[in-house]
K.L.:
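The structure follows.
Since the model is a prediction, treat every value here as computed from it, not as a measurement. Worth knowing before you read on, the calculation uses all heavy atoms, side chains too, and leaves out hydrogens, waters and symmetry mates. In what follows, chains carry the letters A, B, and so on, assigned in the order in which the sequence lines appear, proteins first and then strands, with residues in each chain numbered from 1.
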Amino acid sequence: MTGSQSPMRTRFAPSPTGALHFGSVRTALFAWLAARHTHGQFILRIEDTDQERYIPGSEALIIETLRWLRLEWDEGPEVGGQFGPYQQSLRTDTYRAHAESLVASAHAYWCTCTPERLGAMREEQRARSQPTRYDRRCLRRQEEVAAERAAGMAAVVRLRMPDGRTEWEDVIRGALVFDNTEIDDQVLLKSDGFPTYHLAVVVDDHLMEITDVIRADEWIPSTPKHLAVYAGLGWRPPRFAHVPAVLSPDQHKLSKRRGARNVLEYGELGYLPEAIVNAMALLGWSSGTEQEVFTPAELCEVFTLERVHPAPAVFDPRRLDDLNGLHIRRMDADALVDALEFHLPGTSKDVRRALIPMLQERITTLVDAEHLAAPLFNRPEPDPNVPFPPRNVDLATARRMLDACIDAVEHGGLDGTEAVLSRLKAEAEAAGAKPRDAFRVLYVAVLGAPSGVPLDQAMVFLGKEESLTRLHAARTRLSVITG
RNA sequence: GCCCGCAUCGUCUAGCGGUCAGGACACCACCCUUUCAAGGUGGUAACCGGGGUUCGACUCCCCGUGCGGGUACCA
């Protein structure tokens with residue numbers, strides 16, 4: 001099924017500027033899926049060439065996030081690989097050498113213009129409704145520049161953007177064309193000796209033998225620069241797939257600045273990694289069939305970049321809720337017992353196993369389990385906000401239901417809950433009440449709320465003694481009421 | 001300012017010249033039912049606007065509008 005495509009080497013190359021959010025992880029997921037689909041390799045590379053924006057600890061955070069989601073990388077930090085190192089800050093000599101090679105072949109040049117001059121230049125261009133581009137002043141005075149550099153003046157290496165047009169076939173968007181006169185002579189090597197993204201990304205992708213560059217569509221306008229670097233170095237460029245942005249419900253692009261949530265937080269909120277993967281895959285991608293629920297393995301099987309929709313997508317958390325519930329219901333009991341360990345702290349495996357039949361089909365997130373199971377661990381206090389007797393149930397019926405339940409449990413026990421339930425149902429009907437209403441009395445009595453896990457299973461879990469204690473307490477509450 | 005990208009129900013999407021425009025989430029109703037869920041059935045809801053091309057446009061082209069992005073010695 002996947003044999004027709006040659007193996008792809010893809011990479012995810014985040015900069016360590018903070019935690020990963022849905023947008024960035026979705027890009028990583030697409031790259032991972034494309035590699036897995038073709039039985040190729042997925043590489044993780046840290047793009048830490050900007051010392052000013054570096055945030056300590058974020059590399060560890062990125063690694064933890066990817067591991068939690070099971071997006072395992074074949075090469076990269078902590079796992080190594082033959083093309084390392086996989087942190088750009090450790091590769092500065094390589095970039096410098098390539099920058100100098102580009103200068104030597106006249107595809108790039110040194111520039112000593114100050115930031116002040118550059119700013120003034122752009123301001124002027126803007127005032128004249130011109131595109132803002134470097135005016136190539138230093139290109140015309142290379143001997144002076146050489147002297148200035150020799151004298152210790154700060155200098156950068158700029159790409160000499162060739163004339164003509166740049167075209168490429170984007171895997172997701174098809175033919176893309178740029179007029180090179182619109183493209184700036186990009187700085188490739190900063191005066192601090194570090195490369196810019198534009199140099200490092202090309203050098204690394206080539207040296208690491210990346211076949212398909214999968215990245216956010218904000219990179220489309222600078223792709224011509226990258227293609228020019230490939231050409232200048234005499235390299236064959238990879239394929240490009242520019243994936244659309246993920247938007248928040250207010251239609252804005254997800255970003256750290258706007259408070260996009262750290263993906264790891266979703267784990268604490270009770271979401272399963274496989275549900276998150278499923279939800280992210282559906283943001284911008286569809287299988288073309290009517291299947292919507294996928295395991296990660298199924299996604300690897302059917303995912304192709306060609307089926308990624310080019311429009312930006314709004315992330316709807318309700319969809320994630322739905323998928324999370326569906327994945328929880330599909331889990332086998334043992335897996336759920338393990339997944340619940342974090343959210344039902346202090347419980348034994350056996351206790352959690354006993355809880356599964358009550359919880360599995362009625363929780364959306366794992367944290368829901370905590371709330372649903374709470375009355376099974378701690379006897380609920382009467383809550384003034386919970387009407388008792390419940391609405392639509394008169395006092396006489398409520399008393400009658402409780403008496404019947406107490407009698408059934410005392411004499412019949414909890415071994416045959418079927419019998420208990422049918423007796424209670426008959427009792428409700430005899431009292432002229434709908435079972436729907438009458439049973440709420442018992443739910444409030446046993447669980448402290450008019451709804452919750454199934455009554456019979458709850459009582460079995462609590463045991464005969466505790467069940468009777470709660471039923472009697474409720475009966476007493478009713479006795480005090482006059483009427 | 002200049003450049004680029006995108007455009008189907010509220011949201012995610014299918015569609016690749018002729019369809020009653022399909023599915024999912026959410027919402028509503030009903031069924032099932034010991035509560036709540038889950039599950040089942042049904043329903044409300046969309047082709048941004050204007051020009052072309054064509055026997056025929058959601059689909060192809062142009063313009064506009066809207067949204068997003070780029071325009072750094074940030075990625």
K.L.:
Quantified in whole Å, what is the C1' atom distance between nucleotide B:A37 and nucleotide B:A75?
P.N.:
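It comes out at 46 Å once rounded to the nearest Å.
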
K.L.:
Atom CG of A:Asp322 and atom C1' of B:C25: how far apart are they, to the nearest Å?
P.N.:
6 Å

K.L.:
Could you tell me whether A:Asp163 atom CG has more than 12 heavy atoms of other residues or ligands within 6.0 Å of it?
P.N.:
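No.
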
K.L.:
Would you list the atom pairs, donor with acceptor, under 3.5 Å between side chains in residues 429-446 of chain A and any protein atom, with sequence neighbours excluded?
P.N.:
from	atom 1	to	atom 2	distance (Å)
A:Tyr443	OH	A:Leu455	N	3.0

K.L.:
Pick the C1' atom in B:A26 and in B:A46, then give their distance to the nearest Å.
P.N.:
15 Å

K.L.:
Polar atoms only, N or O, under 3.5 Å: list the protein pairs with nucleotides 34-36 of chain B and their distances.
P.N.:
from	atom 1	to	atom 2	distance (Å)
B:U34	OP2	A:Lys425	NZ	2.9
B:U34	O2	A:Tyr443	OH	2.3
B:U34	N3	A:Asp456	OD1	3.3
B:U34	O4	A:Asp456	OD1	2.8
B:U34	O4	A:Asp456	OD2	2.9
B:U35	O3'	A:Arg440	NH1	3.1
B:U35	O2'	A:Arg440	NH1	3.4
B:U35	O2'	A:Pro450	O	2.5
B:U35	N1	A:Tyr443	OH	3.3
B:U35	O2	A:Gly452	N	2.6
B:U35	O2	A:Gly452	O	3.0
B:U35	N3	A:Tyr443	OH	3.3
B:U35	N3	A:Gly452	O	2.7
B:U35	O4	A:Pro454	N	3.3
B:C36	OP1	A:Arg436	NH1	3.3
B:C36	O2	A:Arg362	NH1	3.0
B:C36	N3	A:Arg362	NH1	2.3

K.L.:
How would you list, by chain and number, every residue that makes a side-chain hydrogen bond (donor to acceptor under 3.5 Å, both in side chains) with A:Tyr197, sequence neighbours excluded?
P.N.:
A:Arg215

K.L.:
Between P on B:C4 and CD1 on A:Ile183, what's the gap in Å once rounded to a whole number?
P.N.:
9 Å

K.L.:
Go nucleotide by nucleotide along RNA chain B from the 5' end; which of A:Pro312 and A:Leu247 gets its closest nucleotide reached first?
P.N.:
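Mapping each residue to its closest nucleotide by heavy atoms, the 5'-most match is A:Pro312.
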
K.L.:
For A:Leu90, enumerate each residue passing the side chain to side chain contact (heavy atoms under 4.5 Å, CB included) test, keeping only those at least two apart in sequence or located in another chain.
P.N.:
A:Pro85, A:Gln87

K.L.:
Describe the nucleic acid contact of A:Phe178 in one word from base, sugar-phosphate, nothing, applying a heavy-atom distance below 4.0 Å.
P.N.:
sugar-phosphate

K.L.:
Give me the distance, rounded to whole Å, that separates B:C28 from B:A14 when you measure between the P atoms they each carry.
P.N.:
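The answer is 28 Å between these two P atoms.
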
K.L.:
Distance check, rounded to the nearest 0.5 Å: A:Leu66 atom CG versus A:Leu20 atom CG?
P.N.:
6.5 Å

K.L.:
When the C1' atoms of B:U59 and B:U8 are considered, how many whole Å apart are they?
P.N.:
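Comparing C1' positions in B:U59 and B:U8 gives a spacing of 11 Å.
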
K.L.:
Treat primed atoms plus P, OP1 and OP2 as sugar-phosphate and everything else as base, then score nucleotides 70-75 of chain B 5' to 3': B for base contact with protein heavy atoms under 4.0 Å, S for sugar-phosphate contact only, - for none.
P.N.:
SSSBBB

K.L.:
Among pairs that include at least one residue of residues 86-95 of chain A, which meet salt bridge (charged side-chain N to carboxylate O under 4.0 Å, His left out), considering only residues two or more places apart or in two chains?
P.N.:
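Only A:Arg91-A:Asp204 qualify under salt bridge (charged side-chain N to carboxylate O under 4.0 Å, His left out).
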
K.L.:
Could you tell me how the ring of A:His226 sits relative to the ring of A:His198: parallel (under 30°), tilted (30 to 60°) or perpendicular (over 60°)?
P.N.:
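Tilted.
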
K.L.:
Atom CG of A:Asn324 to atom P of B:C25: distance rounded to whole Å?
P.N.:
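One finds 15 Å between P of B:C25 and CG of A:Asn324, rounded.
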
K.L.:
Identify all pairs in which a protein N or O lies below 3.5 Å from an N or O of nucleotides 8-11 of chain B, and state each distance.
P.N.:
from	atom 1	to	atom 2	distance (Å)
B:G10	N2	A:Arg318	NH2	3.4

K.L.:
According to the side-chain hydrogen bond (donor to acceptor under 3.5 Å, both in side chains) rule, which pairs have a member within residues 364-377 of chain A, sequence neighbours left out?
P.N.:
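Only A:Thr365-A:Asp368 qualify under side-chain hydrogen bond (donor to acceptor under 3.5 Å, both in side chains).
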
K.L.:
What pairs of donor and acceptor atoms, side-chain ones from residues 302-311 of chain A against any protein atom, are under 3.5 angstrom apart with sequence neighbours left out?
P.N.:
from	atom 1	to	atom 2	distance (Å)
A:Arg307	NE	A:Ser286	O	2.9
A:Arg307	NE	A:Ser287	O	3.4

K.L.:
Please work out which residues in residues 199-208 of chain A have a non-hydrogen atom less than 4.0 Å from an atom of RNA chain B and list them by number.
P.N.:
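Result for residues 199-208 of chain A: none.
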
K.L.:
Which part of the nucleic acid, if any, lies within contact of A:Gly284, taking any heavy atom under 4.0 Å across all strands shown: a base, the sugar-phosphate backbone alone, or nothing?
P.N.:
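Sugar-phosphate contact only - A:Gly284 comes under 4.0 Å of backbone atoms but never of a base.
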
K.L.:
If you look at every strand shown and take non-hydrogen atoms under 4.0 Å, does A:Arg128 touch a base, only sugar-phosphate, or nothing?
P.N.:
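Answer is nothing: A:Arg128 stays at 4.0 Å or more from every strand.
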
K.L.:
For A:Pro16, what residues pass the side chain to side chain contact (heavy atoms under 4.5 Å, CB included) criterion, not counting sequence neighbours?
P.N.:
A:Ile46, A:Asp48, A:Tyr54, A:Ser58

K.L.:
Quick test of your reading: applying side-chain hydrogen bond (donor to acceptor under 3.5 Å, both in side chains), list the pairs with at least one residue in residues 177-191 of chain A, sequence neighbours left out, ordered by first then second residue.
P.N.:
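Residue pairs passing side-chain hydrogen bond (donor to acceptor under 3.5 Å, both in side chains), neighbours aside: A:Tyr109-A:Asp185, A:Arg136-A:Asp185, A:Thr166-A:Asn180, A:Asp179-A:Thr181.
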
